[in-house]
Amino acid sequence: MKSVIVVGAGIWGASLALRLAEAGWQVTLVEQHKPGHVRQSSAGETRLLRSAHGVDEWYTRLAWRARDAWRRLGERAGVTLYEEAGMMWFAGTPDGWEHASSQVLKNLDIPCEVLDPADGGRFFPDFRGDDLSFLLWEPHAGVIRARRATQVTAALAEAAGVRLVRARAVPVAGDGAPYACAVEVDGEVRQADRVVWACGAWLPALFDGLPISVTKQDTLHFAVPPAWSVPETPAWVDHGASAYGHGDVDGVGMKATSDAEGRPYEPEHGPRTVDPESVEQARAYLRRRFPSLAEAPVLFTQVCQYALTPDAEWLIAEAAPGVWLLGGDSGHGFKHAPVLAEYVTGVLAGDHAPEPRFGLHERQEARGLRTSGRIG
Ligand SMILES: Cc1cc2nc3c(=O)[nH]c(=O)nc-3n(C[C@H](O)[C@H](O)[C@H](O)COP(=O)(O)OP(=O)(O)OC[C@H]3O[C@@H](n4cnc5c(N)ncnc54)[C@H](O)[C@@H]3O)c2cc1C
């Protein structure tokens, strides 16, 4: 039986541990806190699932498969992890990101519908779209209960035989290679056939020279009348304005927040309070798009962090023989986790190499994969 140590029990590490155990590997999962702890990116209350990815077919296909995976995982755990409320894209130009997305979705037979901005009133209790060119409706998109999903995945992994160790792992220097296929935990070196560092925003501090920067992201939920709840009110993204959100899920309020990258951030000790400017920014967007919510009170906030690569492509790379880095999710990795885990399991087994796009090479700035079309 092949052995693997996965470091980090966010949704990427936990999903991978589960998949590897199911594929017959002996798995140790090392996590410095608890799966679902509030500092990890995966502990956001909710995360969006969408198939649209601009011109990119690879991520579009992956997200479409992930939809089924989340439904199956929820059924297996007896919990609704994914709410299929649909997603509305607000397109500011006729031939931009949303148009490219619609073409790819149609080519791949993923349902979508191009609508007039005036149709927005059918989907939201109150909507102003007079600045928009069109709306793109993705009926099979929605909202994942992220923190819950992370805890459920970690619990399923343990039930599948994964050994969960609560400790901080440290890389071990290699003999003739930069790193050994081992981790140091509480002063003890543990070896395995493979080691995967799935450490989210902590990864760049563990390994030098990675193309990953970490930013503070404030998330806001507003108190809204019952009509603004999922599934009656869908998820929405305004790519051009870097704004997104969804109707109330589980009483934490309607999410309305910015995807523009915040200031540099340290995930372990950085402040977990949102900035007043973030509230103002979200409110300004609500005022413009959903005017009746202009004075809605803030009900719930969370601080999270992005681990961004310049081109928003992930990092899936072998740093030394058997030592794999899995990170740089760039703010769009949650939805894909169960199927990404399948893909990485194939990489670790040697069934296929990772796509060149995920390598350690220098990256060019690009925004096509993010839900944010503008910087700052
Ligand atoms: C505000 C916000 C909104 C987002 N919205 C979406 C969305 O709508 N849709 C979507 O698909 N994605 C979204 N994302 C991205 C998504 O949340 C991430 O892609 C995903 O959570 C990344 O998971 P991860 O497991 O890589 O990292 P994390 O969840 O951060 O987990 C990393 C784990 O590694 C552990 N760790 C680190 N170092 C060590 C060590 N040395 N030893 C032991 N343990 C260690 C940490 O404690 C942590 O638990 C969003 C992210 C943010 C911040």
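These numbers come from the heavy atoms of this one structure, side chains and all, not from hydrogens, waters or symmetry mates. Atoms within a ligand are numbered from 1 in the order they appear, just like the ligands themselves.
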Enumerate the side chain to side chain donor-acceptor pair (under 3.5 Å) contacts for residues 8-20, please, sequence neighbours excluded, ordered by first and then second residue. Arg19-Glu22
Can you confirm whether Asp208 is buried at CG, in the sense that more than 12 heavy atoms of other residues, nucleotides or ligands lie under 6.0 Å from that atom? no
Does Arg163 have more than 12 heavy atoms from other residues, nucleotides or ligands lying within 6.0 Å of its CZ?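 Open.
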Any salt bridge between Asp248 and Lys255, counting N to O under 4.0 Å? no
Amino acids contacting ligand 1, non-hydrogen cut-off under 4.0 Å: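 Near ligand 1, by chain and number: Val7, Gly8, Gly10, Ile11, Trp12, Val30, Glu31, Gln32, His33, His37, Gln40, Ser41, Ser42, Arg47, Leu48, Ala167, Arg168, Ala169, Ala198, Cys199, Gly200, Trp202, Leu206, Gln217, Thr219, Tyr244, Cys304, Gln305, Tyr306, Asp329, Gly331, His332, Gly333, Phe334, Lys335.
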Answer yes if the side chains of Thr60 and Ser51 hold a donor-acceptor pair under 3.5 Å, and no otherwise. no
Tell me yes or no: between the side chains of Thr153 and Gln151, is some donor less than 3.5 Å from an acceptor? no
